[in-house]
Amino acid sequence: MNALEVRQQVRLPLSKCVELVLSGVKFRIFRAAITVVIIALAVAFLMTILAEGTTARAVSTAISRQTAPRRLFLLWVSRLATPMKENDLAEELFQLDDTLRRDRSKTLSVEPATLARAQRRLGELQAWGKLSAAEMAKITDVARRQSRPKTGVMTYFDSLSEGQLRPLVGSARGSDIIVALSDPEKYKHCDIEAKRLGDKLPPDLRQFVADWLATQPLRQRVLKGHAEAVLRAAALFQNVPPRVALATAEDDLPAKLAPLGFAMTAEELKTVRVQAALARDADAIAQTLGSEYLKAMLASSYGENAASVNAQMLYQKTAKLDGAQWLVQKTDAARGYKAQNLSERQVQDLALKQVPLTQAQVTEDLAAAVVGELSWTSLAEWGGKMDDGAMRRLVNVARWQESYDTFFNNLNPKDRDELLGPYDANDPYARIEAPEGFDRMAKILERNKRTLEKPLAALEWMTQELSDDIDKTRDARQKAVLKTLADRLQNGTVSELEVFRYFLRVYGLTKPMRMKIIEGRQQALAAVRAAMGIADITQIRHAYAQTMYALFELDTMTPKDLRADWQDQYNLLRADRVSLGAAETPQTRTLDVMIQSRQGLLARLDAAGPKGLRAELQKSAEELKAKLDVLLAAAAKALDSNANLKAAVIHSLAQSTMNAQEIGALLTVPLVRQQTALRLRFKPYERWMVNETELYREISTEAGAAWFAEEMSKISGLEPLGLSPQRVAEVSTDRLEQTHLSELEASVSQAAQAGSDDMFAGFSARTLWLIIVSFIVCIVGIANAMLMSVTERFREIATMKCLGATDGFIMVNFVLESCLQGVVGGLFGAALGLLLGMLRATGSYGVMALQHLPWAQMFQMAAVSMVVGLGISALAAVYPAWAAARLAPMEAMRIE
Amino acid sequence: MTEAATTKTPAPQTETRGVLIRTRNLKKHYRMGDVVTEALRGIDIELYRGEFICVMGPSGSGKSTFFNMVGGLDSPTSGRVFIDEVDVAQLNAIELAFLRCRKIGYIFQTYNLVQYMTCLENVTVPMAFAGTDADTARDRGMELLGMVGLADRWFHKPVEMSGGQQQRTAIARGMANQPSILLCDEPTGNLDLRTGSEIHDILKRLNKERGVTIICATHDHRLINMADRIMWVRDGQVERIANRSDVTVQTGAIGGHENE
């Protein structure tokens, strides 16, 4: 046997240790899993915060990159349009100086573009103030002392609350504070008050105030220079606000602005121009909301009331191409009315030309007719080519009648109806033409002690008329009566009532002539309509309007309501049709057509669904529109070239017919149609029947025209946009995005502020505290688990030591075990944290977070988290491992 | 104490064998607060190379403490333990580990196999600690398992084996680095008679064929029967050492000693 030679025990290779640890961990996999979970949670917590912060910073950077063009645009607008204030100048000088400083320090990188912009801006300011470099340095220095963080003078005063500030400087704010402090008395007071607050004024305040006052003229020079430049810029833009003018700025704008001191680069112009155009078009889109009609449609499509509709909602709708098309279509529908820009009176006139005349109107026209003018010629033409003599007679009767009309119209309607019977515009005096009617009227007049007017102007013409009348009259008795009247007229003893009675006779005698005029005008109108194909136009426009109305209903009702509504309408139409009986009349024919069309719509709605039906209706609307355009073009051509329409009288009628078509076209605007139906007291389900003729009749009266004008003012906000649907969608998308970005910016700014002075390693104190606590908890948890593991393995450890394990091996064994768990836990934790961080970031910042995920940084953060996890698990294992290593080998002998 | 120190040590059966373990006035005190327990009160004993010695003594007699001292598991309060003329008290922790690894094999009453290792892995653990390369360790491990009759069960985990099989594995592990001493603490204490006798046979064989010195704490009279010498410990002192031939081993009781 060899003599014992004691040497140092060999060190086990690490691989063997790992192998042993692995098999040990495998055996106690459950406990290991719990420890892993503890570590994973702590690491995940850290990783979530890291990932969120990193994502927030990335999103913030992305936002600022994406909003840069718009900010540049707004910056230029304000530079070009608004003179600066002294405080703003100081603040800007400080920022610019800060940028230059950061660049010079080399530790913080500044983008070359930012640097160049800052230098250009400083150049601008210097040029406006005509400052030397030294003077520039002076005001920059003062600005820095005024605005730098923490120690700046303004920063100090800004940090005070309103209540603290008041005792110090009274009501002075901003740079007024500095001016106030230049008074030694006030300075002393301020100093005392500050001490009372337990505060101290900035140490160099007195010197600063002096320097600030000394440099004030320099700043004023800059401000004045800029103000002048703003004025000259306004002249350059011909007083169009820069916000608008920039959209159409020419490429030579920078060259034109250069003499004014504005240093705009060609590249900046490009960006600004695009942004200005976007702003202009966005405004145009937003302005369509001035129309009640559009508001109503938009509101119902969002299920809101019209008052809560805002531009944002509109942009949301129009950001999609179909929404944009919708808007363009709706605004284009108002084109006709807007293009003509008709007055109430003109509308009424146009409508009057489209409805049959009444005697009252003919009388009015005749009374106003002047020999040789178009109205005279027209009336003569329609009255069967009447000669001037006949026309004169009619005109005289009309003028005579006007004086009586005035009398009767000035009575209150009750009295007038008592005298004349119910008013009939077509034949106002029909009831008193008969002798008994006249006697009754005379009696009433006498009882009320009222006398009719004696139209002196008419009396001479009456004498003439009377003598003609006597000549023509064959009836001897009548002749005698007339002669008596002529005598009484001659010697001035004729009574008003007698004159009126004679007027009624002449009125009766001339009635056929006026009727002839009415009929002749009607025939002429029919001829014109036929020549221009107005019947077809009306029919197709009616169909088009119905289609548009169906689209409107599709737009503004839920599919369920729509189905129910249409079914109701159909049922009501059916009920009406049944009540009219079997006999066929024009009314039943219209109804049948309506019923059929409703039935068709219902069937198509059921077959194709709301979306399919909309597509179908859009298509048929487009087809009808195309057909309509063709017909209207043909009508316009006929107006110009048709020989039959060439005659002045007819041409005028045709012209007015053509113009009236534009008004009729408004019925294709569903809201107009709806309002017209209401006005005409149509039942809701009869909106379909409203057609142009009814509209013309309504607006040919004064009240109707007034109503129509008011109704139109409601859609007056609807101006043709003049933008393509693509552009509308593009602009709306941009606006939505900008709004979204600015909202995000607010939420992201806090998270992205990391790296500022009161943060440590990108964490706020609170977050850091949370992380530390979580790790302490984690370390305690792991240590506890490891200690339990040690206790559980007392015998195993002791046996190992009996078998030749060194303390070091035992220690390494346990630390390794913990590290292994740390690695696995760290891996899972980092993955989990990454996922959670991404989810949270996505929750806070939406898709932006995913689009701008900083993968490289994320993995870096994951690595950091894993190392931290490994570190804490190694740290937590030190004590348990030490306790295990210290264990005496004889514990192996112990029997539990 | 002095009496114990002067107790005459009976001569070993084979005089030619050298002394393997020698203790000089070995004392061990345990301090529990203010109370000092004297576990060993001075033991002088010489154990010879290649002998099979059983240590007996009631619970609390200091038998276990003696075992720990001899096995290099604990250091004495005073006195010395020489193993192969090396003073154990002079060794540092790492040297002790070396000693335990190569010179002494340990057999425990509760086998103390590492639960998550297979039979073979358990056997090769001490070899790994000794720096033996994996192939050699495996071959030697299989050989040792063959010796204890478990070659075909090398891949079993402790929980899959009977107590006897576990203890046999433990013996194979104890022999892993060919130690000169095998320290057995009640090796058959947890085993029934039949399996116990398997262990006896193996221990006997190791003692006879390989010349391994076996120090065995036991109450198993069959094991005592196999011993060369028997040592009684009482109250931290060696009460008596006798050659096997001087002692009557009876079933149920051990003669001579009890009679005193």
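A, B, ... follow the sequence lines: proteins, then strands. Residue 1 opens every chain.
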Those residues of residues 62-78 of chain B, ordered by number, that approach chain A below 4.5 Å (heavy atom to heavy atom): B/Asn68, B/Leu73, B/Asp74
Interface moiety of B/Glu121 toward chain A, non-hydrogen atoms closer than 4.5 Å: neither
A/Arg840 versus A/Thr48, side-chain donor and acceptor atoms under 3.5 Å: no
Leading residue by heavy atom contact count with chain A [cutoff under 4.5 Å; candidates B/Ala128, B/Ala93, B/Gly131]: B/Ala128
Exceeds 12 heavy-atom contacts within 6.0 angstrom, atom CZ of A/Phe775: yes
Heavy-atom proximity to chain A below 4.5 Å, by part of B/Ala130: backbone
Region of B/Asn92 in contact with chain A, defined by heavy-atom distances below 4.5 Å: side chain
Parallel, tilted or perpendicular: rings of A/Tyr879 and A/Trp882 (30°, 60°): tilted
Distance-only donor-acceptor check, side chains B/Asp220 and B/Thr188, under 3.5 Å: yes
Sidechain-backbone polar pair: A/Gln821 side chain, A/Leu870 backbone, donor-acceptor under 3.5 Å: no
Short side-chain to backbone donor-acceptor contact, B/Ser162 and B/Gln165, under 3.5 Å: yes
Structural part of A/Ala888 lying under 4.5 Å from a heavy atom of chain B: neither
Ring geometry between A/Phe809 and B/Phe129 (parallel below 30°, tilted from 30 to 60°, perpendicular above 60°): perpendicular
Residue pair B/Asn112 / A/Arg795, side-chain donor-acceptor N/O under 3.5 Å: yes
